[in-house]
Amino acid sequence: MGEEEEPGWEVDPDDDWGVAVITTVGRQLRLRREAVGLRAAEFGRVVGYGEDMVYKVESGRRIPRPEFLDKADEVLSAGGLLAAMKEDVAKVRYPKRVRELAQLEAKAVELQLYDPLNVHGLLQTPEYARALLEMRRPAYTEDVVERGVAARVARKSVFQRDPAPEISFIQDEWTLLRPLGGRKVLRRQLEHLLMVGQLRNVEIQVMPMDREEHAGVAGGIEVLKFENGSAVGRSPAVANGRPVDEPRQLRILELRYGIIRAQALTPRESTTFIERLLGAA
């Protein structure tokens with residue numbers, strides 16, 4: 001099989017929890033294989049993977065795909081033990097920092113999000129996300145690109161929460177004009193923005209390029225508020241981009257975000273603006 005068809009993703013050695021999970025999965029896989037008397041090469045042929053890849057998964061150096069665990073569970077008569085590990089493995093496949101961000105988003109009751117560079121990650125289509133990741137230099141490996149796309153898609157579960165959080169997005173006009181990945185990718189991205197913007201708990205606002213005042217020139221802003229009244233924020237212009245929860249720093253972020261919202265088009269005006277862009281895309 002080609003490299004692109006290998007059964008999983010590389011393990012981040014700095015992700016202690018991830019390493020522990022994949023090591024446990026690999027150990028169980030090896031014990032089950034040896035218990036039924038299958039050699040690694042034989043097992044690999046049955047499940048459709050090479051001997052080397054079997055050893056990588058068993059040694060905790062490769063994150064197995066869900067279908068690999070399903071097939072292994074069936075072949076090794078594991079009674080659902082290996083298949084049941086898919087839930088933890090599914091979390092580990094995403095980088096540690098992405099998991100931590102997703103956990104915060106899952107708890108937030110209000111999200112205020114401004115991205116001056118690209119369409120915000122929570123709004124990106126898989127095609128747009130892939131185009132962004134493939135443009136990174138030095139170039140990412142296909143493994144990193146695939147994990148990145150999967151992570152961004154998984155974060156979209158925030159839109160399915162019940163009760164739903166209030167989510168506000170602000171996008172600079174120029175992020176909606178660049179045809180990253182091609183005109184078709186841009187068109188699908190704009191259509192997706194219109195669809196998400198119809199959700200009752202979501203507001204999308206566009207900051208036009210002809211504005212003579214713009215409070216967001218210092219960089220993006222993210223503010224997440226929680227049910228207990230606490231909050232966490234992040235911006236390149238505050239604490240060097242590190243997450244902050246100190247009231248004075250949060251007040252600065254909320255002040256800037258509020259001014260940007262006031263300077264941008266209203267949600268209804270923004271919808272009309274995006275529809276006009278779609279007509280030209």
Side-chain angles (χ1 to χ4, degrees), residues 3-12 15 17-18 21-22 62-70 83 85-108 111-115 117-136 139-162 164-171 175-176 178-204 220 222 224 234 274:
E3 179 68 19
E4 71 279 7
E5 297 175 297
E6 289 185 350
W9 304 266
E10 294 292 341
V11 180
D12 180 358
D15 184 356
W17 183 74
V21 168
I22 300 308
R62 196 76 176 176
I63 302 172
R65 296 178 185 269
E67 57 270 23
F68 178 84
L69 290 175
D70 283 334
M85 294 180 170
K86 288 188 296 183
E87 184 176 347
D88 282 339
V89 170
K91 298 174 183 176
V92 173
R93 67 181 289 194
Y94 309 128
K96 180 180 179 181
R97 61 181 179 79
V98 174
R99 293 202 309 270
E100 293 172 344
L101 177 58
Q103 289 171 359
L104 289 175
E105 291 171 345
K107 297 175 182 177
L111 297 88
Q112 300 175 335
L113 309 166
Y114 164 59
D115 192 332
L117 299 178
N118 304 295
V119 173
H120 191 276
L122 287 177
L123 292 173
Q124 292 174 12
T125 63
E127 296 86 358
Y128 183 93
R130 176 173 289 277
L132 280 182
L133 293 168
E134 289 180 341
M135 291 176 191
R136 294 296 182 92
Y140 284 162
T141 64
E142 182 58 28
D143 182 271
V144 172
V145 170
E146 186 176 346
R147 291 182 71 186
V149 173
R152 294 189 188 185
V153 170
R155 285 173 58 201
K156 293 179 183 294
S157 61
V158 69
F159 294 113
Q160 280 80 53
R161 280 176 46 197
D162 186 17
E166 294 296 321
I167 311 178
S168 165
F169 294 96
I170 304 175
Q171 291 289 155
T175 67
L176 309 180
R178 291 185 302 170
L180 298 178
R183 291 290 175 184
K184 289 184 179 179
V185 171
L186 174 61
R187 182 171 188 82
R188 283 194 290 267
Q189 179 61 68
L190 294 177
E191 290 172 343
H192 183 67
L193 291 180
L194 290 177
M195 182 181 69
V196 174
Q198 292 176 2
L199 298 174
R200 289 187 300 167
N201 63 308
V202 175
E203 289 189 342
I204 299 177
E222 293 185 357
L224 279 62
R234 185 175 62 174
I274 296 172

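The line from CZ of R65 to NZ of K86 is 14.0 Å long, rounded to the nearest 0.5 Å. T175 contributes atom OG1, which lies 11.5 Å from atom NE2 of H120 (distance to the nearest 0.5 angstrom). Atom CD of E87 is separated from atom CG of L69 by 13.0 Å, given to the nearest 0.5 angstrom. One distance of note links CD1 of I167 with CD1 of I204; it measures 9.5 Å at 0.5 Å rounding.
Contact check for V89 versus I22: side-chain heavy atoms found under the 4.5 Å cut-off. Looking at L123 and D115, their side chains never come closer than 4.5 Å, going by heavy atoms from C-beta outward. Contact annotation: the side chain of V144 never approaches that of L133 to less than 4.5 Å [non-hydrogen atoms, C-beta and beyond]. Residues V158 and R161 form a side-chain contact, since some pair of their non-hydrogen atoms from C-beta on lies under 4.5 Å apart. At a threshold of 4.5 Å between non-hydrogen side-chain atoms, the residues R62 and D143 count as touching.
Between the side chain of Q171 and the backbone N or O of N118 there is at least one donor-acceptor pair closer than 3.5 Å. Between the E127 side chain and the Q189 main chain, no donor and acceptor come within less than 3.5 Å of each other. Remark: side-chain polar atoms of R130 are not paired, donor with acceptor, to backbone N or O of V145 under 3.5 angstrom. Put simply, the side chain of N201 gets close to the backbone of P165: a donor and an acceptor are under 3.5 Å apart.
R178 CZ: more than 12 foreign heavy atoms inside a 6.0 Å radius. In the displayed structure, Q160 atom CD is contacted under 6.0 Å by more than 12 heavy atoms of other residues, nucleotides or ligands.
Closest approach of D70 to A83, counting heavy atoms only: OD1-CB, 3.6 Å. In plain terms, the two heavy atoms of I170 and Y114 that are nearest each other are O-CD1, 3.4 Å. When every heavy atom of R152 is checked against every heavy atom of A129, the shortest pair comes out as CD-CB, 4.0 Å. Between Y128 and V119, the shortest heavy-atom distance links the atoms OH-N, 3.2 Å. Here the closest non-hydrogen pair linking A131 and G181 is CB-CA, 3.7 Å.
Residues satisfying the side chain to side chain contact (heavy atoms under 4.5 Å, CB included) criterion with E191, sequence neighbours excluded, are R187, R188, L278. Partners of E105 by side chain to side chain contact (heavy atoms under 4.5 Å, CB included), not counting sequence neighbours, listed by chain and number: L101, L111, L122, R155, L224. In this structure K156 satisfies the side chain to side chain contact (heavy atoms under 4.5 Å, CB included) test together with F159, H192, sequence neighbours excluded.
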